[in-house]
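Order of the sequence lines fixes the chain letters, A, B, ..., with proteins taken first and strands second; residue numbering starts at 1 for each chain. Please read these numbers as outputs of a predicted model, since none were measured by experiment.
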Amino acid sequence: MASDQASTPPRLPEIQSHDLPQVIVLHPPPVFNYFKDLFSKKFHLLKAWESSLPRHEFLTNHAHSAQAMLCSGTGPPISADIIRLLPSLSLVVTTSAGLNHIDLTECRNRGISIANAGEVFSEDVADLAVGLLIDVFRKVSASDRYVRHGLWATKGDYPLGSKLGGKRIGIVGLGSIGFQVAKRLQAFGCNISYNSRKRKDFVSYPFYTNVCELAANSDVLIICCGLTEQTRHMINREVLLALGKEGVIVNIGRGAIIHEKELVQCLVQGEIGGAGLDVFENEPDVPKELFELDNVVLAPHMAVFTTESFKDLCDLMIGNLEAFFSKKPLLSLVMNE
Amino acid sequence: MDSITVLMTSPMSDYLEKQLKDRFNLVKLWAYSPKTDFFKHNSHSIRAVVGNTKIGADAELIDSLPELEIVSSYSVGLDKIDLRKCQEKGIRVTNTPDVLTDDVADVAMGLMLAVTRRVCECDRFVRRGLWPKGDFRLTNKFSGMQVGIVGLGRIGSAIAKRAEAFGCPISYYSRSEKPETNYKYFSNIIDLAVNCQILVVACALTEETHHIVNREVIDALGPEGILINIGRGSHVDEPELVSALLEGRLGGAGLDVYENEPEVPEQLFGLENVVLMPHVGSDTVETTDAMADLVIKNLEAHFLKKPLLTPVV
């Protein structure tokens, strides 16, 4: 009688995942939907969301010696409480350009480095900002709806839009994304001004020290800055009224930079001319009042959702982690300003 | 000049109508029915025609107006005007170039971005309440896509300038090569279509360019290719375009013009890779007023025996 074990084929040696460097992941970033395998081939992913343990227990029991974390704008904020459960943590890599979900003070105090998405999707975000702006000015989505409902033949020509050329564009935040937006809109004959934390020497666009003054001198505001304590609800009723009844606002930054209730009120009451929005205060909830409006274009936080950006992002995240574990300089280290 | 009778062919602009009424004896073609009544009462007094993209000045109209001196078109396109007949009869023709170039180029860019990044589809996605059920999917990146322009005139050049700011390599097919540009020239439209990802129709509609985008060109553009038409509907073999889109042989289309406006093929209404605008290329408050002003200035110049501002013939 041959034993069962004798008939089992010998197991080939395989790389044990615990030989790979550990990376904590609290919640799968969107890039995992497409490229998770590229990460799990190189790193031992400590997947908190797959554990039945509550998060703090999982981290305490399993992540004690983990040095690196991969996070994104979706998922739980990387708070001081979480950081304090991770004594070996010295790198946080985020798949976003934004850092508002990370307790930067705690990281600084602990000497934890942060790497973000750098400039990997600045072009894609700028493209969407311009696409939303043209859509609002020239009623692309609204007139497409009109045609699809068969109204062109029955109701006649669509109402006139507004010319983009010659309009004054106020860019809020002239970082990598803001600069790409400016470059594109200059080619449309627009005039660019900006407000930023600091004046930028490498551009000759007029600089405004405060966003209300920028709004008063602009036909369009494009929000390209990050969300911080200073920028939360920075675009409020006062700024919107300064922008004026013909003014248009485009937001591809973070929803909370704009006081959303006041924005909705201004749009509904006709205090501003229109809006193109990719981000909202309480995603995926979008104020229902906006659905009634033809001068508003809505997108589901998809400015970075291109196959090219996701692949580039994946390469950058993996590149940062590999650099860290081989003690080489990070590819997209966030420097304190 | 209110003794001069001017015929307006269709209700193209309230502002233009008012300007014409203030300055001339305005006759509105659409106020008459049937058309024969109109010809009986007015044909001998009309000295100018103001036409547009819907109704211009064809041979029949020109022949019925023995005192016609000038056709001032509220458009840059001349496809609705019998230019040869005007030339034969010494009738002047003016159009509205330059003032609408930027707006039409902006719509071309808006269509390119809307199709590649699915802006209209996203807007529908949010309005239908689909976002709470899951994220939107990935689209293609627009910046850096190869853009091929058919007709590198004023509008084609303005489109090229904008697309360049997005890092798009520009190529073109035109009646003549433009060596002063850095863009890559192709001597025929098939080669252009093979070598670009987005094909933009920006040329004038003539006998030669009728159906210039046919099955062969659509096949060359291919299942990843995108067609943008801000020229005239008849530049494109519309039934071929529709079946290519339905069958997935063409990647997408952004259209502002159609063969039989205001009819738009209904089979396109269910497609997400298509953006449909109702011939609004120059439809902004600023530009329509500027176009109207140019029509008026040309008419006044003619009747004051001064040089025309934007003569074609």
Side-chain angles (χ1 to χ4, degrees), chain A residues 30 33-34 123-124 126-128 130-132 134-135 137-141 143-154 156-166 180 183-189 278 283-286 290-291 296-303 305-310, chain B residues 12 102-103 105-107 109-114 116-120 122-127 129-144 161-167 254 261-264 266 268-270 274-281 283-288 290:
Chain A
N33 289 333
Y34 304 91
E123 288 184 325
D124 275 332
D127 290 354
L128 185 73
V130 175
L132 287 172
I134 300 177
D135 194 323
F137 264 70
R138 303 304 302 275
K139 307 177 190 287
V140 178
S141 290
S143 67
D144 175 270
R145 267 199 293 280
Y146 188 76
V147 171
R148 284 176 200 252
H149 285 127
L151 296 173
W152 191 14
T154 53
D157 285 342
Y158 197 71
L160 299 177
S162 182
K163 185 179 167 118
L164 183 57
Q180 294 295 331
K183 185 174 135 196
R184 282 152 176 71
L185 288 176
Q186 269 197 293
F188 287 76
D278 187 44
E283 296 170 11
D285 293 334
V286 173
L290 299 180
F291 295 177
V296 167
V297 182
L298 306 165
H301 201 157
M302 45 67 83
F305 278 39
T306 66
T307 46
E308 290 87 345
S309 265
F310 267 47
Chain B
M12 55 196 80
D102 285 339
D103 271 354
D106 292 350
V107 165
M109 296 307 299
L111 285 169
M112 279 187 242
L113 286 160
T116 53
R117 298 300 304 276
R118 300 302 170 96
V119 179
C120 306
C122 278
D123 182 84
R124 279 192 285 276
F125 181 82
V126 175
R127 284 173 195 258
L130 296 176
W131 195 7
K133 304 196 174 124
D135 279 341
F136 199 70
R137 58 189 170 66
L138 301 183
T139 68
N140 290 325
K141 179 173 178 150
F142 172 70
S143 277
K161 178 169 161 220
R162 285 153 175 73
E164 271 193 306
F166 293 77
E261 295 169 18
E263 283 161 31
V264 175
E266 278 180 29
L268 299 179
F269 293 179
V274 161
V275 175
L276 307 165
M277 295 179 79
H279 202 155
V280 292
D283 280 6
T284 65
V285 173
E286 295 90 333
T287 291
T288 52

(message) Which heavy atom of A:G165 sits nearest to which heavy atom of B:D106, and what is that distance?
(response) N-OD2, 4.1 Å
(message) Heavy-atom cut-off 4.5 Å, strictly under: side chain, backbone, both or neither for A:D157 against chain B?
(response) side chain
(message) Can you tell me which portion of B:M112 sits under 4.5 Å from chain A's heavy atoms? Options are side chain, backbone, both or neither.
(response) neither
(request) Return the option, out of A:S143, A:P284, A:G189, with the maximum number of heavy-atom pairs under 4.5 Å with chain B. (result) A:P284
(request) Measure B:S143 against the heavy atoms of chain A and call it side chain, backbone, both or neither at under 4.5 Å. (result) both
(message) Counting only non-hydrogen atoms closer than 4.5 Å, does A:L151 touch chain B with its backbone (N, CA, C, O), its side chain (CB onward), both, or neither?
(response) neither
(request) Provide the closest heavy-atom pair for A:R138 versus B:D103 in the form atom of the first, atom of the second, distance. (result) NH1-O, 2.9 Å
(request) Kindly compute the distance separating CD (A:E123) from CZ (B:F142), expressed to the nearest 0.5 Å. (result) 11.0 Å
(message) If we define contacts as heavy-atom pairs under 4.5 Å, which of B:G144, B:C122, B:G129, B:G167 has the most with chain A?
(response) B:C122
(request) Determine the minimum heavy-atom distance between B:E286 and A:S162, stating which atoms define it. (result) OE2-OG, 3.6 Å
(message) Let's test your reading of the structure: which of B:T288, B:V280, B:L138 forms the most heavy-atom pairs below 4.5 Å with chain A?
(response) B:L138
(message) Looking at chain A, which one of B:L111, B:L130, B:V285, B:T287 has the largest number of heavy-atom pairs inside 4.5 Å, strictly under?
(response) B:V285
(request) Look at B:E164, B:R118, B:R137, B:R124 and state which one has the largest set of heavy-atom pairs under 4.5 Å with chain A. (result) B:R124
(message) Taking A:R184's backbone N and O only, do any of them form a donor-acceptor pair with B:R162's side chain (distance below 3.5 Å, no angle check)?
(response) no
(message) Would you compute the distance between atom NE2 of A:H301 and atom CH2 of B:W131 and round it to the nearest 0.5 angstrom?
(response) 7.5 Å
(request) For A:P300 and B:F125, work out which heavy atoms get closest and say how close. (result) CG-CD2, 3.6 Å
(message) Please identify which of these residues, A:T306, A:T307, A:D124, meets the side chain to side chain contact (heavy atoms under 4.5 Å, CB included) condition with B:N140.
(response) A:T307
(request) Nearest 0.5 Å please: distance from the CE atom of B:M277 over to the OH atom of A:Y158. (result) 9.0 Å
(request) Mind listing the closest non-hydrogen atom pair of A:R148 and B:L276 along with its distance? (result) CG-CD1, 4.2 Å
(request) Under 4.5 Å heavy-atom distance to chain A, tell me which part of B:F136 shows up: side chain, backbone, both or neither. (result) both
(message) Taking the side chain as everything from C-beta on, heavy atoms only, tell me whether B:M109 gets closer than 4.5 Å to A:L164.
(response) no
(request) Answer with side chain, backbone, both or neither: which region of A:F137 has an atom nearer than 4.5 Å to a non-hydrogen atom of chain B? (result) neither
(message) List the residues meeting side-chain contact (heavy atoms from CB on, under 4.5 Å) with B:A114, not counting sequence neighbours, and say none if there are none.
(response) A:V140, B:V119, B:C120, B:V275
(message) Taking side chain to side chain contact (heavy atoms under 4.5 Å, CB included) as the criterion, tell me which of A:L128, A:V130, A:D135, A:L132 meets it with B:L113.
(response) A:V130
(request) Under 4.5 Å heavy-atom distance to chain B, tell me which part of A:S309 shows up: side chain, backbone, both or neither. (result) neither
(request) Against chain A, label B:T139 side chain, backbone, both or neither, depending on which of its atoms sit under 4.5 Å from a heavy atom there. (result) both
(message) Given heavy-atom pairs under 4.5 angstrom as the criterion, report whether the side chain, backbone, both or neither of B:L268 touches chain A.
(response) backbone
(message) Which atoms of A:L298 are under 4.5 Å from chain B, going by heavy atoms: the side chain, the backbone, both sets, or neither?
(response) both
(request) Can you tell which part of A:F310 gets under 4.5 Å to a heavy atom of chain B, answering side chain, backbone, both or neither? (result) side chain
(request) Would you mind checking if A:R145 and B:D123 are paired as a salt bridge, meaning a charged N to carboxylate O distance below 4.0 Å? (result) yes
(request) Could you please spell out the steps behind the salt bridge (Lys or Arg N to Asp or Glu O under 4.0 Å) verdict for B:D102 and A:K163? (result) CA-CA 8 Å; B:D102 285 339; A:K163 185 179 167 118; 3.8 Å; yes
